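The next block holds one structure in the form of structure tokens; read it before the comments.
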Amino acid sequence: MSQKVQAPRGTSDVLAQDADARAALEATARRVLEGAGYRRIETPTFEHTELFSRGVGASTDIVQKEMYTFDDGGDRSVTLRPEGTAPVCRAYAEHGMHKLPLPVKLWYLSSFFRKEKPQAGRYRQFWQVGAEALGSDDPAVDAETILLLSTLLAELSVGDVRLRLGSLGTLAARTAYREELQAHLRARSDELSDEVRARIDLNPLRAFDSEHPGTVAVMRDAPRLLDRLDADDAEHFAEVRALLDRAGVDYEVDATLVRGMDYYTRTVFEFTSDKLGAQSGVAGGGRYDGLVEQLGGPATPGCGWAAGIERILLAGPGRPVAAPPVDLYVAFDAPERRADAFAVAAEARNARLNAQLELAGRSRKGQLKQADRIGARYVALVSDTGTVLKDMQAATQQVVPCSDVVTRILRERGVR
RNA sequence: GUGGGCGUAGCUCAGCUGGUAGAGCUCCUGGUUGUGGUCCAGGCGGUCGGGGGUUCGAGUCCCCUCGCUCACCCCA
């Protein structure tokens, strides 16, 4: 067993049934997003490493320990994309999209790569569907992207979904707040749990999630980022909330919501599903008003989200997708008849029929069994005494010249 | 990176206190039936994840290793 070549850790093959479910998901995403004016974009699978170190943030876990980075053979370091927003912003700047009618609305469905330890709903190559709206700081953009995501998850029947919403304000406000929070924690560090105390520098916001009694007491008096927003950001957040209220979108405000990328400003949000395990996040996103400029483009506000395909499928109902119908199965009773059978199948396909030819050397019984298994409506059994055209549903049959098989099927179809 | 659980046929799994491999499903063939479902019979398919060790003998015990999986961390 172990000498067999296996798929690399954290990757998997998408087999038939799952491929069907993914195709259905993609069709739904296309309908919802393109219906709202989003156009599809495909960016490269790998990018210059600096795109992510500058865009996502050098101090993030993603950049520090999760990227597949390698030398491209020249003197440039390249990285398999770990997320989709920075590449879209790079493309926006590179192609001068700021000259298009704003906002520019783009969507994608692609695979991404992070070198994490695999777990339920977390893989090293994973797929995301995402949407980005660039060029407007209108709160309606925030609310509309959230509403679209909410609609998409509902249409995909993702179960037990909850939306958490927060605002990070500007980078400056966030940085100042973080220092204030750290000071608060350090001042009362003897009351904190060991884990929280150890993470004061790395991730002080984590302390809000602790269930440790002493920590809970400390956090009750802790400063909240939402109370530290400047007037413009607070107003922006209030408008986003008002629009979501008006649209009937349920959410809970979470003052401690954090995201893994440094580029977020103002609105941030996350959809979770209780149907998932520890990795309960189904989708997440927010506003990133400084990112395009950070990447060398014109100052451009932006807002968007990404949803995990595998997590959507895990949290969905997993209903089977019907296999495509088979109009005709072409069987034959002797090797000398193969060429005739081949021609019948080809002719049927030219007539836009879904046709399959016997390819496994089965016995007559085996061929009919196969035709039944795949749900073929008709079977043409080519033999030297004529071709038996059998209607599998009606269980009737007739002998016809093999050149007439396709016209007969088309005619019977027209009658029905 | 740190833990827990698990690795026997393509799939789901049995193999008690060590005696050198089984079942069901799938697939294929034949029979039955109505040329397909049912039923009956047969067949294909495994160096028991890998490597050492103990033993007359290891799927079973010991050590190492690889892989899968779940959780921490982080995130989609």
Side-chain angles (χ1 to χ4, degrees), chain A residues 1-12 15 17 56-57 59-67 81-85 108-131 149 152-153 158 161 195-196 198-199 202-203 205-206 209 257-261 264 268-273 276-286 304-315 329 331 333 360-381 383 388-397 399:
Chain A
M1 286 299 207
S2 71
Q3 51 270 56
K4 276 187 194 168
V5 178
Q6 291 178 283
R9 187 169 176 76
T11 68
S12 59
L15 271 23
Q17 327 85 298
V56 174
S59 67
T60 60
D61 273 19
I62 290 176
V63 170
Q64 287 212 319
K65 52 187 191 187
E66 295 174 0
M67 298 206 302
R81 58 185 174 200
E83 61 99 47
T85 301
Y108 57 83
L109 190 154
S110 322
S111 61
F112 298 89
F113 307 84
R114 292 183 201 169
K115 194 161 31 187
E116 298 186 272
K117 195 153 173 183
Q119 159 180 347
R122 191 172 76 186
Y123 309 99
R124 291 186 165 189
Q125 178 180 9
F126 58 100
W127 292 75
Q128 290 186 337
V129 54
L149 175 53
L152 178 62
L153 295 177
V158 177
V161 172
E195 305 88 80
V196 169
R199 298 186 66 76
L202 264 167
N203 189 354
L205 282 162
R206 190 74 191 171
D209 296 333
L257 186 61
V258 285
R259 309 255 76 230
M261 282 66 115
Y264 284 115
V268 290
F269 53 91
E270 180 173 83
F271 282 85
T272 57
S273 170
L276 297 175
Q279 310 304 314
S280 61
V282 177
W305 49 258
I309 303 291
E310 290 83 5
R311 292 184 186 179
I312 287 174
L313 293 172
L314 276 173
Y329 192 82
D333 68 352
R362 292 184 180 84
S363 65
R364 173 180 289 218
K365 172 175 178 169
Q367 294 186 64
L368 276 166
K369 184 169 179 164
Q370 174 67 5
D372 185 51
R373 196 156 41 203
I374 63 177
R377 178 61 203 274
Y378 294 96
V379 170
L381 176 60
S383 74
V388 178
L389 179 59
K390 183 174 171 63
D391 182 330
M392 296 291 276
Q393 265 177 33
T396 58
Q397 63 186 49
V399 178

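Here is the naming used below: chain letters follow the sequence lines, and residue numbers restart at 1 for every chain. Keep in mind that what you see is a predicted model, and the values were worked out from it rather than measured.
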What N/O pairs connect the protein and nucleotides 36-38 of chain B at under 3.5 Å? Give each pair on its own line.
unit_1, atom_1, unit_2, atom_2, d
G36(B), O6, Lys390(A), NZ, 3.0
G36(B), N1, Met392(A), O, 2.7
G36(B), N2, Asp372(A), OD1, 3.2
G36(B), N2, Met392(A), O, 3.3

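- The side chain of Thr60(A) places no N or O atom within less than 4.0 Å of a non-bridging phosphate oxygen (OP1 or OP2) of C74(B).
- As rounded to whole Å, 17 Å separates atom P of C75(B) from atom CG of Leu276(A).
- In terms of phosphate contacts, Arg199(A) brings no side-chain nitrogen or oxygen within less than 4.0 Å of OP1 or OP2 of C72(B).
- Atom CD of Glu116(A) and atom P of U69(B) are 14 Å apart (whole Å).
- Across A76(B), C74(B), C70(B), the shortest atom-to-atom separation from the side chain of Ala120(A) is found for C70(B).
- Here the separation of A9(B) from C28(B), taken at their C1' atoms, is 16 Å to the nearest Å.
- Pair assignment for C75(B) gives none, since no Watson-Crick or G-U wobble pairing has each distance under 3.5 Å.
- Base pairing of G57(B) is not made with any nucleotide, judged by Watson-Crick or G-U wobble geometry with both donor-acceptor distances under 3.5 Å.
- Contact of Arg311(A) with C75(B) (side chain to base): a donor-acceptor pair of N or O atoms is detected under 3.5 Å.
- Going from atom CD of Glu116(A) over to atom CD of Glu66(A) covers 3.5 Å, rounded to the nearest 0.5 Å.
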Between the protein and nucleotides 41-46 of chain B, which nitrogen or oxygen pairs come in under 3.5 angstrom?
none

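- Separating the CZ atom in Arg124(A) from the CZ atom in Arg114(A) is a distance of 13.5 Å, to the nearest 0.5 Å.
- Between Lys65(A) and Tyr264(A), it is Lys65(A) whose nearest contact on RNA chain B lies nearer the 5' terminus.
- For the C1' atom pair drawn from C40(B) and U33(B), the interatomic distance equals 12 Å after rounding to whole Å.
- Remark: the separation of the P atoms in C66(B) and G51(B) is 15 Å, to the nearest Å.
- Following rounding to the nearest Å, Met67(A) (CE) and C74(B) (C1') show an atom-to-atom distance of 15 Å.
- Judged by distance alone with a 3.5 Å cut-off, no donor-acceptor contact links the side chain of Glu66(A) to the base of C74(B).
- Remark: the backbone N or O of Lys117(A) is paired with a side-chain donor or acceptor of Arg122(A) at under 3.5 angstrom.
- Remark: the Arg373(A) side chain and the Gln370(A) side chain contain an N/O donor-acceptor pair separated by less than 3.5 Å.
- Pair assignment for C68(B): G5(B), on the basis of Watson-Crick or G-U wobble contacts that are both within less than 3.5 Å.
- Between C62(B) and C70(B), the two C1' atoms lie 27 Å apart (nearest whole Å).
- Rounded to an integer number of Å, the gap from Leu313(A) CG to A76(B) P is 18 Å.
- Under the 3.5 Å distance criterion, the side-chain polar atoms of Gln367(A) are matched with a main-chain donor or acceptor of Arg362(A).
- The CG atom of Leu205(A) sits 15 Å away from the C1' atom of C75(B) (whole-angstrom rounding).
- Rounding to whole angstrom units, NZ of residue Lys117(A) and C1' of C73(B) are separated by 11 Å.
- Listed candidates were A76(B), G30(B), C73(B). Nearest to the side chain of Gln119(A) is C73(B).
- For the P atoms, the distance linking C11(B) with U17(B) amounts to 27 Å, nearest Å.
- The partner of U12(B) is A23(B), judged by Watson-Crick or G-U wobble contacts that both fall below 3.5 Å.
- Here OH of Tyr378(A) is found 7.5 Å from OG1 of Thr396(A). Values are rounded to the nearest 0.5 Å.
- Under 3.5 Å, the side chain of Arg122(A) and the base of C74(B) form at least one donor-acceptor pair of N or O atoms.
- Listed for the Arg311(A) side chain is a donor-acceptor partner under 3.5 Å among the backbone atoms of Gly281(A).
- Taking a centre distance below 5.5 Å and an interplanar angle below 30 degrees as the stacking criterion, Phe126(A) stacks against the six-membered base ring of A76(B).
- Comparing the same atom, P, in C27(B) and in A14(B) gives a spacing of 24 Å after rounding to whole Å.
- In this structure, Tyr123(A) places its OH atom 20 Å from P of C74(B), rounding to the nearest Å.
- Between G42(B) and G50(B), the two C1' atoms lie 35 Å apart (nearest whole Å).
- Within the 4.0 angstrom heavy-atom criterion, no nucleotide atom of any strand lies near Tyr329(A).
- The residue among Gly277(A) and Leu381(A) whose nearest nucleotide of RNA chain B is located toward the 5' end is Leu381(A).
- In terms of phosphate contacts, Arg362(A) brings no side-chain nitrogen or oxygen within less than 4.0 Å of OP1 or OP2 of C27(B).
- Residues Leu149(A) and Phe269(A) form a side-chain contact, since some pair of their non-hydrogen atoms from C-beta on lies under 4.5 Å apart.
- In this structure, Leu314(A) CG and Ser280(A) OG are separated by 12.0 Å, a value rounded to the nearest 0.5 Å.
- Put simply, CG on Leu149(A) is 11 Å from C1' on A76(B), counting in whole angstrom units.
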Which is it for Leu368(A) and Lys390(A) under the side-chain contact (heavy atoms from CB on, under 4.5 Å) test, yes or no, and what are the steps along the way?
CA-CA 10 Å; Leu368(A) 276 166; Lys390(A) 183 174 171 63; 4.3 Å; yes
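- Two residues are said to be in side-chain contact when any heavy atoms from C-beta on lie closer than 4.5 Å; Tyr264(A) and Leu257(A) fail this criterion.
- When Watson-Crick and G-U wobble pairs are counted only if both distances are under 3.5 Å, C39(B) pairs with G31(B).
- Inspection of the Thr11(A) and Gln125(A) side chains reveals no N or O donor paired with an N or O acceptor under 3.5 Å.
- The C1' atoms of A21(B) and C13(B) are separated by 14 Å, rounded to the nearest whole Å.
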